[in-house]
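Data block below; observations after.
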Amino acid sequence: MDQKKPSGGEEGPGFLDSLARLFRRHEEAPELEPELQRDGGLDALGAEFETAVREMLERVETLRPDAGERLAPEGATGEEHEAAWQRRMAARQNRLEDLRRRIRNDIKQMHERLATGVSGEALDEVTEAMQELQGIVAQGEASHELLPRARHAIAERIRQESGELAVARLRQLLERAQLAWPDPTHYRQGASEEDVERSRSRRLAETREAFLAQGFGSTAERCVGIVTGWGADYPDPGSPLWEECVLEGVGAGIRGQLAHEFVELLRKDSDEILAGIEELIGKEIAELRRVLRAGVTSIAQANQAVASALKAIDLVTPDVAWRHLRARAPHARGEWKG
């Protein structure tokens, strides 16, 4: 489309021609530079560290109830010990994959039970969309380039808003299904009802805060039940902590689908969003040029002018985008059918 010019007769900022591609799927990142050569001392330290970690993991494995079935016999050769180690690691990986399949299936069933509208088949699409948005956020964070920064600002606003909407929606669905949030806390013997309720409320608040703070990458993992820090040590299926993880996965799925829906709408309506942003950002660009023409006499003056322009990107672009979404998408207003 023809580029518009901001009021005042100034030439329009060049990045606006590209703003219609605001959420177009970005190109693959360039390959990383080759790893720098390390000196012998660091190699030796690394080898010592890896050996210590391996010995600790081996010790952990010997403490597992089924460890006796997998350990090499006393007096075994180095090759036999290595083979036993490989069997233990393979068993651990199989256990992890089985647990993740089980919890993903439980998440899928809970979506169906609560009628969230997120199908099991949609989870892969949501996961892919969240990973793409994580790349957009990483590319634009702290950038002084206008287009990546605008993408970052809008994506972050979508992350925040979709999180709040998902929490409200999940609470609504749980109440409708007459389900309570599972409580995995082990209270001390003799704790009063007031103490239990205080502890429960505090835990729920902390869980909510942690959920809202999750980035797109974490949302992509949690919506299919991946908790990276647990490794293969997931809680027992059916336990309160397992059930809590299932519901967090449902919430992440709702959040991911909302964010995906919002981004697709922005892609579709990018020309309209461009029209809403162009004049506002154009004024900031014009001010930067005015300061430059007048002559920059101090670092503080230059920093202030740049900070003002960047603040406009950080505040104006997400506001314009979110107002557009609220006008066009009922879900952005917290409105649901059923």
Side-chain angles (χ1 to χ4, degrees), residues 1-8 10-30 128-165 213-217 219-220 255-256 258-292 302-329 332:
M1 73 177 207
D2 292 335
Q3 180 179 336
K4 297 183 179 179
K5 294 184 179 180
S7 59
E10 294 290 342
E11 182 182 352
F15 89 106
L16 291 179
D17 280 335
S18 301
L19 198 54
R21 307 193 313 274
L22 190 59
F23 279 100
R24 183 170 298 170
R25 292 172 175 78
H26 54 283
E27 296 77 14
E28 294 183 0
E128 183 179 351
M130 293 306 94
Q131 290 169 342
E132 180 187 354
L133 283 172
Q134 181 62 36
I136 289 174
V137 169
Q139 184 185 32
E141 187 174 11
S143 175
H144 284 190
E145 296 181 27
L146 293 173
L147 187 56
R149 195 175 185 103
R151 284 175 173 151
H152 172 271
I154 294 175
E156 272 295 286
R157 181 63 176 270
I158 288 175
R159 184 189 66 80
Q160 295 164 11
E161 298 287 357
S162 63
E164 295 283 359
L165 289 165
Q214 287 176 3
F216 290 116
T219 299
R255 183 184 200 171
L258 285 170
H260 183 41
E261 173 190 339
F262 297 157
V263 168
E264 289 304 308
L265 182 57
L266 290 180
R267 284 177 172 147
K268 179 181 177 182
D269 297 345
S270 58
D271 287 348
E272 295 179 44
I273 298 167
L274 171 61
I277 291 174
E278 185 175 15
E279 182 176 355
L280 296 171
I281 300 300
K283 290 178 181 178
E284 294 297 330
I285 303 298
E287 177 62 17
L288 274 179
R289 290 173 177 165
R290 186 195 65 77
V291 171
L292 286 171
N303 286 340
Q304 183 177 2
V306 171
S308 177
L310 295 178
K311 185 177 180 180
I313 296 293
D314 294 340
L315 298 180
V316 170
T317 54
D319 280 349
V320 171
W322 187 246
R323 284 198 301 270
H324 181 84
L325 286 169
R326 281 184 58 85
R328 294 289 303 277

Output all residues satisfying side-chain hydrogen bond (donor to acceptor under 3.5 Å, both in side chains) with [X], sequence neighbours left out; order by chain, then residue number.
X	value
Glu272	none
Asp269	His324, Arg328
Glu156	Arg159
Gln214	none

Distance-minimising heavy-atom pair for [X] and [Y]:
X	Y	value
Leu325	Ala332	O-CB, 3.7 Å
Gln131	Ala220	CG-CB, 4.0 Å
Val137	His152	O-CD2, 3.1 Å
Gln139	Pro148	O-CB, 4.2 Å

- request: Indicate yes or no: at least one non-hydrogen side-chain atom of Arg157 is less than 4.5 angstrom from one of Asp319.
  value: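 Result yes, sub-4.5 Å side-chain heavy-atom pair found.
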message: Just to verify, what does Ala129 make a side-chain contact (heavy atoms from CB on, under 4.5 Å) with, not counting sequence neighbours?
response: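 If we apply the side-chain contact (heavy atoms from CB on, under 4.5 Å) test to Ala129, skipping adjacent residues, the hits are His260.
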field: Ala259: partners by side-chain contact (heavy atoms from CB on, under 4.5 Å), with sequence neighbours left out
entry: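 Applying side-chain contact (heavy atoms from CB on, under 4.5 Å) to Ala259 gives Met130, Leu133, Ile158, Ser162, Phe216.
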field: Single hit among Leu258, Leu266, Leu265 for side-chain contact (heavy atoms from CB on, under 4.5 Å) with Phe262
entry: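 The single option meeting the side-chain contact (heavy atoms from CB on, under 4.5 Å) with Phe262 is Leu258.
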